[in-house]
Amino acid sequence: MEYIEPIRRLPDGTIKQVNPFSGTQVWTVPGRGNRPIVSSAPAPHPITPARLDHYCAFCPGRYLETPPEKSRLLHDGDDWLTLTAVPAAELTATTAEFRRVPNLFEIMSVDYWEENHGYRPSAEVRERRRAYLAAPEGLAHVMQVARGKALASGMDPGKWESLSDDDRMAWARNFFDGGHDVVIARRHFVDGAEGENELASSGRLTPEEHFRFTHYTVDAMRELYDFAPDVKYVAVFQNWLRPAGASFDHLHKQLVAIDEVGAAAQREHDRVAANPNIYNELAVNYASDQGLILAQNSGAIAFAGFGHRYPTLEVFSTAPVAAPWEHSAAQVRAVSDLVHACHAATGAEVASNEEWYHQPRGFDVPMPWRVMLKWRISTLAGFEGSTKINVNTISPFDLHDRVLARLIELRREGAIAPMRLGAECTVEKDLLRYVSR
Ligand SMILES: [Zn+2]
């Protein structure tokens, strides 16, 4: 494959980038960076105390507005405990730090899996459904959420009243299984918030809370690979604020099981097959040579990315394993601490997409677990559409300097976990060990 230099600096200061994995072309034109980033957070209206736990359907006072939980994570002193299949009558008996529920509107429905792949729910799923619906509170909960889903899909309330129980229950098909889950954090606002702009983003969790959030999501990802035999990939992502595609300003991640890896992953597969060390050579080694390294700890490294449509922070696991679920708790913690720090440095008011990438089950080439945090601060225009050349206002070097300065402050304040920053990092060649396992 022809080698294209990923970052080229032109005499006038223009920086042309090509992503070594996706081929995405990005130009940064001088004089357009360093503009202040526009806040995507809500206006700072005072929080109405009576609504505090009821701001959105993901808030803890509205447990009955999401489909039945697959599980919840509790925090008691130093202990973190997972409860599965909590009955409707016991939902308010404990407070979930994080909860995992089926997405009300799935990208790929249970019908899709059934009709295209002959999916059948397992005995365990059928038993959980039976037990939940056998309790009057459980049946009432499911019917209420099914009605909400039908009405949100455009059904007339009168029509719902005329439906048989079986027809109503058809709207709850994915409430006990399905391949699209949401992991929801407890807080909508930070503790003690007074304004509606003080949202509890990823960067405002403690490093410990962020680790539990990450680990719980890794567990859910591993489980979703077993949802159906034809699952080829489980996509994990977090949309933060509306410009990034979030329906609510309430912290949550999504997991979607899909039956193809997608063309982009297949292309990446072929590049890795030709050069298994590519993530060292064209990601971390290259970022280090360019002076883009931001942070490092015993199990992960973070740098300002290049060749992305949006300014992007990248965190790679350096552990000698590939898939997220092969990581030990300490190795997950290492990745989580750097992702948390990147979020904290980004700021809660910046809309972002957090995207996880990993070696799909069944791929015969090694790929490290990596997480990208993309700042959704610009809108694409006709130029990008017609040329496929993206114009980004913040170069990787501007991004590096801006984020590193903030990381140094955050570490001084004790708001992020201990880590080496900037010039303190010791990035020896081929730091990623996914390939040598
Ligand atoms: Zn909320």
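Counting starts at 1 for both ligands and their atoms, following the listed order.
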Checklist line | For the Zn ion (ligand 1): the N/O/S atom of H188 at shortest distance | finding: ND1
Next item on the list: Would you please name every residue forming a side-chain contact (heavy atoms from CB on, under 4.5 Å) with R147, sequence neighbours left out?
Entry: L151, P157, W160, E161
Notebook entry, point to check: What angle, in degrees and rounded to 10°, do you get at the Zn ion (ligand 1) when you join it to SG of C59 and to ND1 of H250?
Noted result: 110°
Next item on the list: Kindly confirm whether the Zn ion (ligand 1) is within less than 2.8 Å of some N/O/S atom in H54?
Entry: no
Item checked: Residue pairs, two or more places apart or on separate chains, that pass ring-ring contact (aromatic ring centres under 6.0 Å, His included) and touch residues 64-90 -> H75-W80
Next item on the list: Apply the test side-chain contact (heavy atoms from CB on, under 4.5 Å) to residues W240 and E354: give CA-CA distance (whole Å), side-chain angles for both, the deciding distance (0.1 Å), then the verdict.
Entry: CA-CA 8 Å; W240 176 247; E354 177 189 304; over 6 Å; no
Note to self: Could you go through E97 and R186, starting from their C-alpha distance and side-chain angles, then the distance that decides it, and tell me whether this counts as salt bridge (charged side-chain N to carboxylate O under 4.0 Å, His left out)?
What the structure shows: CA-CA 5 Å; E97 289 300 316; R186 171 169 62 85; 3.2 Å; yes
